[in-house]
Amino acid sequence: MIEKIQKLLAEVEAITAANAEELEALRIKYLSKKGEISNLMNDFRSVPAEQKKELGMKLNELKTKVQERINTLKEQFASQDTGCDDLDLTRTAYPVGLGTRHPLSIVRNEIIDIFSRMGFTLADGPEVEDDWHVFSAMNFAEDHPARDMQDTFFIEAHPDIVLRTHTSSVQARTMEHSELPIRVICPGRVYRNEAISARAHCFFHQVEALYVDENVSFTDLKQALLLFAKEMFGEDTKIRLRPSYFPFTEPSAEMDISCHLCGGVGCSFCKGTGWVEILGCGMVDPNVLELNGIDSKKYSGWALGMGVERITNLKYQVKDLRMFSENDTRFLKEFESAN
C-alpha cells in the first residue's frame, strides 16, 4: 500500500488540465466517493495496527496535495476567465439599442425650460384630489357640468374625492401655502371621463402657469405668451388672443399662433385660417384669489394652461392621440433625433 501511495503522490505532482471539464474529471478520479483516495481509505481499514500511523500520515499528505493541486489549477482557470459567466443567455442575439425619451417628455421638458428662464419654479400636487382644490377653490359653481360623473372620475367610496381634471388644483394648493409673489409652473397628468379616440383620451397631460403679485396686468400675460410662442415655435411666430370663458379667470382668452407649416397663409393643417389654437389663459378671477386666502384688492395675477399632447401634435404632426400611450417602439424611435 505504501508503494501505491508513493506512486499517486508522484502522479499528483504532474497532473494538469486544459479546461474546466478535464479538471472536474481529475477531481472525480482522486477525490470522489469512488475515487483513488477513497479506495485507499477502504484498504486502510485492513492495515495492521503497527502500520496505521505511518500510512495514515501518508494518506493525509496525499489527500492534501491532491486538493492543493486541484485548487491551483482552478485558480489558473479563474484568472484566465473571459467573462462568459456574466453572459445573459436569455438575451437576444441582436444588438440592444439605446432607449429614447417619450415625445411628451421632450415637449414637457422644453416647456418647463422656457418658463424656468422666465423665473418660474416647478410646483406639484396629487393626482387623486378633493373637490375643493379641483373645483370649489377654482370658482366652479355647484351645478357646473364638470362636477357631473359624465365628465369627471369620482372615487366611489368617497364622493368628494376625484381624479383631478386639470392641474389648476396645484395652483390652488400653491396659493394656499406659498408666500407672495407666486410664479410657478405646474406640469402633470389629468383625467376626464372621455371616450378614447384619435382626438380624445381619458387621461392626458397639462402644463399650467400662475403668476400672482402686486400690479400684475394683462400686458404682462401677453408678453409672456409671445415670448413662449417664439421660443417654442420659432422667432417668426405671431400670436392672437380671442375672448373666451373659464370659471377661474376674468377676463379670459384663447391663444392662437400663426401656423408654422404655411406661415399664416392657410393650409389643411390650420384649416385655411392661418392660425392654430394652443392654450387658454386670463387674469386670475378675484374670487379665486379670495377663496385661496389672497387679498384681491392688493394682488392680481394671470394664469395659463395648455395640453402637452396639443403642443406635441403641433410640433410633430402626430394625428392620433392614442399613439402617445400605446408604447409602440416603432413610433418612439421616430423621436431619437429630438432627444
>> Side-chain heavy atoms nearer than 4.5 Å, only ILVMFWY residues, links allowed to pass through others: does that put I196 and M323 together?
In response: no
> Would I239 and L279 show up in the same hydrophobic cluster when neighbours are defined by side-chain heavy atoms closer than 4.5 Å?
Replying inline: yes
>> Angle between ring planes, H205 versus F203, binned at 30° and 60°: parallel, tilted or perpendicular?
In response: perpendicular
> When the aromatic ring centroids of H166 and F140 are compared, is their separation below 6.0 Å?
Replying inline: yes
> Is there a donor-acceptor contact under 3.5 Å linking the side chains of H201 and E194?
Replying inline: no
Looking at every non-hydrogen atom in both residues, tell me the closest pair between [X] and [Y] and how far apart they are.
{"X": "F120", "Y": "L210", "result": "CE2-O, 3.6 Å"}
{"X": "P126", "Y": "R173", "result": "CD-NE, 3.7 Å"}
{"X": "L225", "Y": "C281", "result": "CD1-SG, 3.8 Å"}

> Does atom NZ of K222 have more than 12 heavy-atom neighbours from other groups under 6.0 Å away?
Replying inline: no
> NZ of K315: more than 12 outside heavy atoms within 6.0 angstrom?
Replying inline: yes
Checking the side chain of [X] only, and the main-chain atoms of [Y] only, is there a donor and an acceptor separated by less than 3.5 Å?
{"X": "N139", "Y": "P247", "answer": "yes"}
{"X": "D220", "Y": "S217", "answer": "yes"}
{"X": "E214", "Y": "K298", "answer": "no"}
{"X": "S300", "Y": "V216", "answer": "yes"}
{"X": "R242", "Y": "E254", "answer": "no"}
{"X": "S197", "Y": "A200", "answer": "yes"}

